[in-house]
Amino acid sequence: MTGANGLPLFADVPRPAAEAVAEGVTLLAGFVPAADVLPLVARVADAAPFRRMTTPGGRRMSVAITNCGSVGWVTDRDGYRYDRRDPESGRPWPAMPDRLRALAVDAAARAGFDGFAPDACLINRYEPGARLGLHRDEDERDFAQPIVSFSLGLPAVFLLAGPKGGRSRQVPLSHGDAIVFGGPARLWRHGVKPIADGQHPLTGRCRINLTFRRAL
Ligand code: MD3
Ligand code: FE
């Protein structure tokens, strides 16, 4: 389809297809407009810099995190929780940019979750070698709300352990992918394998992951 000037009308370019990875897990490959999202991440990180937090067990996470939204996920010797304030500065977390919220709500809707109302966006930064051990996201109040994840920069191998024990599935995640977890998958254990070294033209030597949640 072309416009009056003969140039292609990009408005009708089809959006990427949704792929069912498992029950309740939908991959939207290439969904994330990185050139729009990365400057918003940089602004959040100016106000609330990435930092490596301590787990309740006293280990330092290899992943550096920050947050935007009315609450942010934090961990320290006292446990995991959502907090209205950045513990480093004592100030409220930066607001969730409207554009980020709109993208997350759109991704959720494409995966069949209408009415997603995220109040927290946890932003993870992985340098080569950083990993996330198998865990459950269970610090939120309403497990009927999905979690929406955006991947940017270096690729990752996502691990999905499923409801019972046994072997986990490996799902490759690339720059620009969105993945939505809801329904039965919402409480599945998952993690990220150590990030391989590399250089990405937009992020440099790191992977950025945004997870949008309804925390409270
Ligand atoms: C599956 N982050 O921040 S995002 C996390 O790529 C986290 O940085 C990973 O796990 C990352 O907690 C994975 C995808 C994700 C997020 C939440 C889930 C997968 C999930 C909740 C339930 C099941
Ligand atoms: Fe998680």
Side-chain angles (χ1 to χ4, degrees), residues 19-29 31-32 34 37 41 44-45 50-53 55-56 61-69 71-75 79-82 93 100 103-104 107-108 111-113 116 118-164 168-196 200 203 206-215:
E19 181 195 336
V21 172
E23 204 191 338
V25 183
T26 304
L27 178 65
L28 302 163
F31 174 85
V32 184
V37 169
V41 171
V44 169
F50 286 103
R51 81 294 302 266
R52 290 173 56 201
M53 289 188 178
T55 64
M61 292 177 66
S62 59
V63 178
I65 75 168
T66 185
N67 291 275
C68 61
V71 289
W73 185 86
V74 299
T75 174
Y80 305 127
R81 64 194 174 277
Y82 285 93
W93 294 104
L100 285 188
L103 285 166
F113 297 95
F116 181 44
D119 56 4
C121 174
L122 168 60
I123 309 176
N124 295 322
R125 187 185 67 196
Y126 296 76
E127 287 179 353
R131 61 186 285 278
L132 199 57
L134 284 178
H135 66 278
R136 246 184 215 107
D137 289 24
E138 56 188 6
D139 303 318
E140 302 77 24
R141 287 198 184 135
D142 180 5
F143 299 133
Q145 294 251 348
I147 290 184
V148 172
S149 155
F150 291 174
S151 290
L152 295 166
L154 294 179
V157 178
F158 175 69
L159 298 167
L160 191 54
K164 357 177 198 279
S168 36
R169 282 190 55 181
Q170 304 202 0
V171 182
L173 290 178
S174 303
H175 176 74
D177 289 350
I179 188 164
V180 180
F181 298 84
R186 175 65 182 76
L187 287 169
W188 288 356
R189 288 184 312 134
H190 57 276
V192 177
K193 297 225 290 188
I195 299 295
H200 189 278
T203 64
C206 74
R207 168 176 188 257
I208 301 281
N209 176 264
L210 295 86
T211 51
F212 298 88
R213 298 117 186 279
R214 179 69 192 197

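Whatever order the structure lists ligands and atoms in, that order sets their numbers, starting from 1.
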| Only one of N124, N67, D139 clears side chain to side chain donor-acceptor pair (under 3.5 Å) with W73; which? | D139
| Spacing of CD1 belonging to I123 relative to CZ belonging to F150, to within rounding of 0.5 Å | 11.5 Å
| field | Set of side-chain hydrogen bond (donor to acceptor under 3.5 Å, both in side chains) partners for D142, sequence neighbours left out | value | none
| said: Could you measure the distance from the CD atom of Q145 to the CD atom of E140? Nearest 0.5 Å is fine. | reply: 10.5 Å
| task | With R186 as the cation and F143 as the aromatic partner, state whether NZ or CZ is under 6.0 Å from the six-membered ring centre and within 45° of the axis. | result | no
Dump the pairs for me: ligand 1 N or O, protein N or O, distance under 3.5 Å, to 0.1 Å.
from: ligand 1; atom 1: 3 (O); to: N124; atom 2: ND2; distance (Å): 3.0
from: ligand 1; atom 1: 3 (O); to: R213; atom 2: NH2; distance (Å): 3.2
from: ligand 1; atom 1: 6 (O); to: R207; atom 2: NH1; distance (Å): 3.0
from: ligand 1; atom 1: 6 (O); to: R207; atom 2: NH2; distance (Å): 3.0
from: ligand 1; atom 1: 6 (O); to: N209; atom 2: ND2; distance (Å): 3.4
from: ligand 1; atom 1: 8 (O); to: N124; atom 2: ND2; distance (Å): 3.1
from: ligand 1; atom 1: 8 (O); to: Y126; atom 2: OH; distance (Å): 2.5
from: ligand 1; atom 1: 8 (O); to: N209; atom 2: OD1; distance (Å): 3.1
from: ligand 1; atom 1: 10 (O); to: H135; atom 2: NE2; distance (Å): 3.2
from: ligand 1; atom 1: 10 (O); to: H190; atom 2: NE2; distance (Å): 2.9
from: ligand 1; atom 1: 12 (O); to: H135; atom 2: NE2; distance (Å): 3.2
from: ligand 1; atom 1: 12 (O); to: D137; atom 2: OD1; distance (Å): 3.3
from: ligand 1; atom 1: 12 (O); to: D137; atom 2: OD2; distance (Å): 3.1
from: ligand 1; atom 1: 12 (O); to: R213; atom 2: NH2; distance (Å): 3.0

| Using a distance threshold of 2.8 Å, what protein N/O/S atoms lie below it relative to the Fe ion (ligand 2)? | H135 NE2, D137 OD1, H190 NE2
| Separation between CG of L159 and CG of L132, rounded to the nearest 0.5 Å | 9.5 Å
| Name of the residue among F212, W188, F158, F116 meeting ring-ring contact (aromatic ring centres under 6.0 Å, His included) with F181 | F158
| note | All heavy atoms of A29 vs all of D177, minimum pair found to be CA-OD1, 3.3 Å
| According to the salt bridge (Lys or Arg N to Asp or Glu O under 4.0 Å) rule, which pairs have a member within residues 120-129, sequence neighbours left out? | R125-E127
